Amino acid sequence: MNARIEIIQGDITQQDVEAIVNAANTTLLGGGGVDGAIHRAAGPELLDECRSLRGCATGAAKITRGYRLTAQWVIHTVGPVWQGGDHDEDALLAGCYHQCFSLAESHGIATIAFPSISTGAYRFPVERAARIALSETRRFLKTNRTLRKVVFVCFNAMTYDCYQRFAAEAEKPVNSEQ
Ligand code: AR6
């Protein structure tokens with residue numbers, strides 16, 4: 001596996017990284033799942049800053065401070081709601097990863113943790129999402145030299161297994177984009 005990619009099972013709010021990614025909604029005003037957990041752990045100042053951002057489009061990302069989190073930054077991205085696969089869901093999810101990496105690069109962030117965006121309340125199939133997450137990450141890391149570590153924080157064993165499987169598969173030459 002790429003030495004800069006880690007896959008773990010755990011809670012993203014507890015990660016000791018410079019930035020964590022939030023799977024938010026277009027309002028950026030909080031919600032359930034990982035979004036709720038991040039807002040609870042960061043404290044009310046996070047919501048105050050989010051209000052000033054005036055929302056975020058699906059497939060895009062915006063950055064705030066991390067407040068009471070160990071992470072200095074939170075990158076909020078809005079994944080697509082799964083609608084069967086023919087509503088541009090793959091490209092929108094890839095866009096989330098791409099924009100998060102762009103923000104990380106422009107802010108000099110060296111370590112970042114992602115949840116499995118869109119695969120909870122938004123029902124994107126986990127296997128398909130894991131494949132997109134890992135391929136976008138590998139693509140970005142090929143040219144980027146500022147990111148030292150990308151951690152995928154899987155909340156449950158099924159998600160963890162999917163990420164592990166596709167990370168191993170991505171190393172096979174037949175699937176290589178090189
Ligand atoms: N750490 C890491 N992963 C987590 C955590 C956590 N603390 N909590 C949940 N997950 P979801 P979505 C996993 O529903 O599908 C929110 O209400 C979860 O098991 O959080 O993008 C927003 O406000 C799943 O694997 O995000 C939006 O309205 C993954 O995080 C909507 O949900 C994503 O699940 C976004 O839906």
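Keep in mind that the numbers below use all heavy atoms, side chains included, and drop hydrogens, waters and symmetry copies. Atoms within a ligand are numbered from 1 in the order they appear, just like the ligands themselves. Just so we're clear, the structure is a prediction, and the values are computed from it rather than from any experiment.
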If you have a sec, work out which protein heavy atom is nearest [atom] and how many Å separate them, to one decimal?
atom: atom 27 (C) of ligand 1; result: Y122 OH, 3.6 Å
atom: atom 18 (C) of ligand 1; result: F155 CB, 4.3 Å
atom: atom 30 (O) of ligand 1; result: V34 CB, 4.0 Å
atom: atom 15 (O) of ligand 1; result: G120 N, 2.8 Å
atom: atom 24 (C) of ligand 1; result: T119 OG1, 3.8 Å
atom: atom 14 (O) of ligand 1; result: A121 N, 2.8 Å
atom: atom 1 (N) of ligand 1; result: I12 N, 2.9 Å

Notebook entry, point to check: Roughly how far, to the nearest 0.5 Å, is the CD atom of Q72 from the CD1 atom of I109?
Noted result: 7.5 Å
Checklist line | Within 6.0 Å of CZ in R145, more than 12 heavy atoms from elsewhere | finding: yes
Notebook entry, point to check: Counting only heavy atoms not in H98, do more than 12 fall under 6.0 Å of its NE2?
Noted result: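 Not more than 12 within 6.0 Å, no.
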With only distance considered, is [X] within less than 3.5 Å of ligand 1 through an N or O on each side?
X: G32; value: yes
X: A37; value: no
X: N25; value: yes
X: R123; value: no

Check: Are S118 and ligand 1 in contact, using a heavy-atom cut-off of under 4.0 Å?
Finding: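 The answer is yes, since S118 has a heavy atom less than 4.0 Å from ligand 1.
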Check: Is it true that D11 lies under 4.0 Å from ligand 1, counting heavy atoms only?
Finding: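 Contact check D11 vs ligand 1: positive.
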Notebook entry, point to check: Which residue pairs pass the salt bridge (charged side-chain N to carboxylate O under 4.0 Å, His left out) test when at least one of the two sits in residues 75-94, sequence neighbours left out?
Noted result: D90-R128
Check: Should you measure from each heavy atom of D35, which atoms of ligand 1 turn up under 4.0 Å away?
Finding: 22 (C), 23 (O)
Note to self: Which label fits F124 and W82: parallel for a plane angle under 30°, tilted from 30 to 60°, or perpendicular past 60°?
What the structure shows: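 F124 and W82: perpendicular rings.
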Next item on the list: Measure from atom 29 (C) of ligand 1 to every heavy atom in S116, G31, G36 and give the option owning the shortest one.
Entry: S116
Note to self: On a heavy-atom basis, I'd like to know which of A24, C154, A23 is closest to atom 26 (O) of ligand 1.
What the structure shows: A23
Checklist line | Minimum heavy-atom distance between A60 and T77, given as atom pair plus value | finding: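 Nearest heavy atoms, A60 then T77: O-OG1, 2.7 Å.
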Next item on the list: Taking E105 for its side chain and N144 for its backbone only, find out whether a donor-acceptor pair lies under 3.5 Å.
Entry: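 Between the backbone of N144 and the side chain of E105 there is no qualifying donor-acceptor contact (under 3.5 Å).
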Item checked: Polar side-chain atom of K62 near backbone of C56 as donor-acceptor pair, under 3.5 Å -> no
Next item on the list: Decide whether S116 and Y163 meet the rule of one side-chain donor and one side-chain acceptor closer than 3.5 Å.
Entry: yes
Margin query: So, using side-chain contact (heavy atoms from CB on, under 4.5 Å) as the criterion, who are the partners of A110 when residues are at least two apart?
Written below: E18, R148
